[in-house]
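Order of the sequence lines fixes the chain letters, A, B, ..., with proteins taken first and strands second; residue numbering starts at 1 for each chain. Values below: all heavy atoms of this structure, side chains included; hydrogens, waters and symmetry mates excluded.
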Amino acid sequence: MPEPLAKAYVPNAVEKRWYETWEKNHLFNANRPEQNAQDATGRRALDKPPFVIVIPPPNVTGILHMGHALNNTIQDVYVRLHRMLGHEALWLPGTDHASIATQTKIEREMRAEGLTRHDLGREKFLERVWEWKEKYGDIIISQLRALGCSCDWRRTRFTMDPAYYEAVIEAFVRLHEKGLIYRGKRIINWSPLAQSALSDEEVIHKETDGKLYYFKYPIVGSHGDQPEYITIATTRPETMLGDVAVAVNPDDDRYKRLVGRMLILPLMNREIPIIMDGYVDKEFGTGCVKITPAHDPNDFEIGLRHDLPQINVMDTHGVINENGGRFAGLDRFDARKQVVEELQLLGLVEKIENYTHSVGYSERGGEMVEPYLSDQWFISMKPLAEPALRAVEEGIIQFHPERWVNTYRHWMTGIRDWCISRQLWWGHRIPAWYAETGEIFVGRNEDEARAKAKEAGYNGSLQQDPDVLDTWVSAWLWPFATFGWPNATPDLIEFYPTSMLSTGADIIFFWVARMIMAGIEFMPSIPLKDGSPRTKLRDLIPFRDVYFHNIIRDQQGRKLSKSLGNSPDPLDLIAKYGTDAVRFSLLYLAPMGQDIRFAEASCEIGRNFANKLWNATRFILMKRDEYKTSHPKTEFESEDTELMASGEQRMANKKRLATRHSLLATENATLADKWILSRANRAARDVRAAFDRYEINEVTKILYDFVWRDYCDWYLEIIKIQPDSIPLAVEILEGILRLLHPIMPFVTEELWHALTSEPESVLLGRDDYITPDEGKIDDEAENAFLVIQEAVEAVRLVRSTLKLAPSKQAEIIVQPRGKILDVLESGKGIVERLGNASSLKFEEGTVDYSSKEYGSEIRARVRVFVKIENRSPEEQKKERERISKELERVLAQIEQSNAKLSNPGFLERAPVPVLEKEREKHQSYISQAEKLQASLFELT
RNA sequence: GGGCAUUUAGCUCAGCUGGUUCAGAGCGUUCGCCUCACACGCGAAAGGUCACAGGUUCGAAUCCUGUAAUGCCCACCA
């Protein structure tokens with residue numbers, strides 16, 4: 001027997017209990033068809049189409065923030081929805097080792113103990129990180145559970161699992177064999193803080209106030225008394241120590257005569273040539289560019305073209321090295337000062353201007369990134385990008401919102417090679433071994449590398465590359481490595497490609513684009529389910545729909561950040577408002593493609609709504625008991641008889657909104673019954689459409705309005721006077737709980753069980769979603785009911801202005817405007833009850849009752865009079881004011897309408913229905929105005 | 001420098017394919033209510049030249065073109 005429900009919804013206990021029950025009943029577990037044969041419930045067809053999401057793996061070091069809360073709620077909603085829609089729904093969870101983030105974190109921790117990673121050495125350091133991972137790595141996972149995430153936890157993956165490691169290495173080796181991975185000396189982004197290379201994507205460019213320095217470089221062979229100079233402009237004076245030339249544009253007449261001559265590089269006293277290169281912009285600065293191949297990517301290219309030396313003047317910490325002469329040992333910023341000062345002393349500084357330019361900073365450490373010449377590993381991206389771009393442009397993968405396709409295309413067409421080596425320890429170590437001869441052997445393991453070496457005739461010792469791979473080199477394999485790639489596992493064959501990906505647009509390049517490339521590149525080796533080769537793009541891509549979720553900001557529109565202290569902890573919100581409330585509120589606030597301005601108080605939307613639902617159910621339970629007492633033979637779903645029914649019969653009974661209601665609707669249904677059925681099916685239909693369009697906030701709005709406005713405000717009031725509608729009200733509520741379950745799983749599961757008395761092992765989360773019955777969408781009924789609502793609202797307004805106590809009954813007269821008397825009659829009880837009438841009279845005609853005795857209100861289709869006993873002069877005055885204001889409004893509308901109707905263009909070209917409506921409207925306004933005038937007259 | 005978005009009630013935002021769900025919701029405010037589910041509630045009200053300027057159209061918050069403000073992304077001009 002269900003216990004009576006508490007007066008208000010208290011989420012905490014309910015949530016914990018149901019989450020455990022779901023897990024105990026394996027609700028979240030997805031199986032392949034042959035595994036489903038053993039499914040104890042036996043309620044499902046065996047061969048269900050899969051619906052798959054792989055989670056964007058949070059960092060192991062991570063803790064749940066609002067962005068996670070939103071993103072994972074979205075994923076959970078879709079997984080739960082599809083589970084109810086009859087799919088084998090799989091949400092695969094996991095975490096990312098987050099090479100640089102994690103290592104930075106641990107090193108910071110160690111610094112507090114006065115240790116660096118070098119004190120420990122590689123092995124001990126890694127041990128420490130693993131310890132940390134074992135200890136704290138599950139925090140984020142447990143937080144996802146608190147959010148209600150219905151992940152298949154058995155399948156939890158970590159990007160450094162042994163099997164995952166194999167996938168990463170396999171992918172590396174394959175790309176290397178194809179010639180798409182190479183090692184080269186390039187200018188890369190160097191993070192002096194992390195002591196590592198970074199990819200272009202890990203560098204944030206910010207407008208930075210700096211200076212533009214103009215330096216004079218003396219020309220060799222100038223006359224002593226009038227030395228000739230060339231003036232160059234630079235923003236980074238310290239790099240001049242590594243200058244190897246000065247370049248001018250070949251078409252620049254100012255400098256043509258100087259080409260081929262040599263300059264003396266000040267401070268270093270080195271002779272450097274003047275060269276020509278088309279890269280140089282004549283208009284910028286002086287038209288002369290100093291060339292520092294080791295410290296600027298453009299200069300590097302120019303250096304290659306002109307066969308110039310590369311002089312690296314900095315060490316990995318951003319400190320000037322021995323190539324910087326006497327500046328060696330100075331930090332890069334100190335060196336800058338020093339260089340400028342010394343040049344000033346020599347009179348070689350022409351001028352210094354303020355200059356704002358874009359400077360790269362490390363995404364992670366925040367420090368200024370140094371363009372740095374070093375040996376790194378790269379992936380050639382162009383060949384991978386081409387089919388990946390096609391997949392999106394042809395719509396095989398769809399982005400929501402679609403506009404991100406532009407961004408994607410832009411990046412893909414201008415894609416550059418990906419620097420994948422990191423001078424870190426935490427991560428996948430690069431599977432390359434160096435011979436003493438300098439040769440490099442890449443293999444899946446040392447043995448394989450050794451074998452290759454032997455083949456090449458080398459038998460000496462091998463040293464593995466000390467570097468690890470960029471985190472994203474493992475992450476881009478996520479949609480298939482998690483299923484066992486490179487092995488053609490049954491899971492991989494069954495569940496790939498996944499269905500949707502939900503993620504932030506900020507990682508569209510880091511991750512989304514690269515996963516698409518990786519899928520297309522690596523999946524052809526896995527056959528399709530029927531054993532045929534996987535060749536079509538649609539079978540290779542990692543997912544079909546990509547949803548880019550909102551960015552959450554604070555009320556001032558700032559990004560949420562720990563340092564600003566404006567980042568609420570989702571778990572605190574959950575504790576305070578309940579998981580369902582937080583989920584619902586976030587989605588309610590999240591229009592597609594828009595940022596969210598979030599304030600904690602917003603959670604009240606969801607909390608209040610959950611509570612409303614709770615109380616509506618409480619009320620229904622009460623009413624149902626009453627009804628059962630008076631109608632002992634009534635069968636309510638799931639009780640008694642249904643418990644004994646077979647699984648199949650139960651199945652057939654499930655689509656209640658569509659089937660069982662039809663009985664009620666056709667035979668004894670009242671106007672209100674038809675109306676609520678119509679509204680319910682309309683809501684169900686619109687919800688499905690909104691889900692399909694990925695407009696989840698629309699889903700929440702539809703359901704919120706339907707439940708609160710239609711069902712609670714009107715229908716629950718109506719069943720108080722129409723007890724025969726109670727069974728329908730019960731079923732509508734049951735449908736509401738189904739419709740809401742993906743979004744608010746806890747409260748709906750709890751209430752559904754209270755309502756149906758199903759045993760705990762029968763779960764709403766495993767049951768069917770509502771299939772709308774469009775045949776029940778009844779415009780006529782909705783229109784008719786609108787008349788009733790109008791009448792009730794008019795009465796309420798009059799009562800309110802008359803200051804009639806709600807408890808006080810009053811005599812009411814309603815005049816229909818138009819042929820709607822029968823409609824009014826059909827809703828008589830409703831008007832009576834909701835208007836709290838002592839007597840209610842419908843009368844045709846336009847009799848004016850004295851404004852002294854009656855308060856009145858005129859609406860489009862009704863005019864109502866409410867009897868008053870006596871009114872003070874003051875109240876009369878107020879009433880007059882109200883009426884004249886109303887009259888003003890109506891007159892304005894007449895004016896507007898007149899303008900339209902006297903416009904020949906409108907009469908000629910507007911479609912007939914529009915014209916008709918306008919005429920009706922006009923008539924209606926005129927009669928309204930007349931009535932109002934009459935009332936006003938009476939009151940004076 | 002290029003691209004994308006946003007600008008509607010005091011606040012946060014709906015308003016998809018131009019014409020009675022086109023000026024809306026929630027919060028806040030004001031008034032009245034412990035009306036036998038809910039004060040996390042019920043009923044009612046006040047509040048907006050729909051950023052600005054043009055244009056298209058019989059008709060524009062809605063379509064087009066500019067302008068301004070704000071935000072985001074991309075870009076090797078020293």
- prompt: A:Asn608 side chain N/O closer than 4.0 Å to the phosphate oxygens (OP1, OP2) of B:G41?
  reply: yes

- prompt: Should A:Arg597 be listed as having a side-chain N or O under 4.0 Å from OP1 or OP2 of B:U12?
  reply: yes

message: In whole Å, I'd like the distance from the CZ atom of A:Arg859 to the C1' atom of B:U20.
response: 14 Å

- prompt: With sugar-phosphate meaning primed atoms plus P, OP1 and OP2, does A:Arg709 contact a base, only sugar-phosphate, or nothing at under 4.0 Å between heavy atoms?
  reply: sugar-phosphate

- prompt: With respect to the phosphate group of B:G41, does any side-chain polar atom (N or O) of A:Trp614 fall under 4.0 Å of OP1 or OP2?
  reply: no

query: B:C76, B:C73, B:C77: which one has an atom nearest the side-chain heavy atoms of A:Asn298?
result: B:C76

- request: Could you tell me whether B:U29 is syn or anti, where syn means a glycosidic angle within 90 degrees of zero?
  value: anti

query: Hey, is the side chain of A:Lys612 pairing donor to acceptor with the base of B:C38 inside 3.5 Å?
result: yes

task: Ignoring backbone atoms, test whether A:Arg416 places a side-chain nitrogen or oxygen under 4.0 Å from the OP1 or OP2 oxygen of B:C76.
output: yes

- prompt: Do any side-chain nitrogens or oxygens of A:Tyr355 fall under 4.0 Å of OP1 or OP2 in B:A78?
  reply: yes

- line: A:Glu201 CD to B:C73 P, in whole Å, measures 14 Å

- prompt: Does the gap between the ring centers of A:Trp411 and A:Phe509 come in under 6.0 Å?
  reply: yes

task: Using a cut-off of strictly less than 4.0 Å, decide whether A:Lys7 has a side-chain nitrogen or oxygen near OP1 or OP2 of B:C40.
output: no

statement: Per the O4'-C1'-N9-C4 / O4'-C1'-N1-C2 angle with a 90° window around 0, B:G47 comes out syn

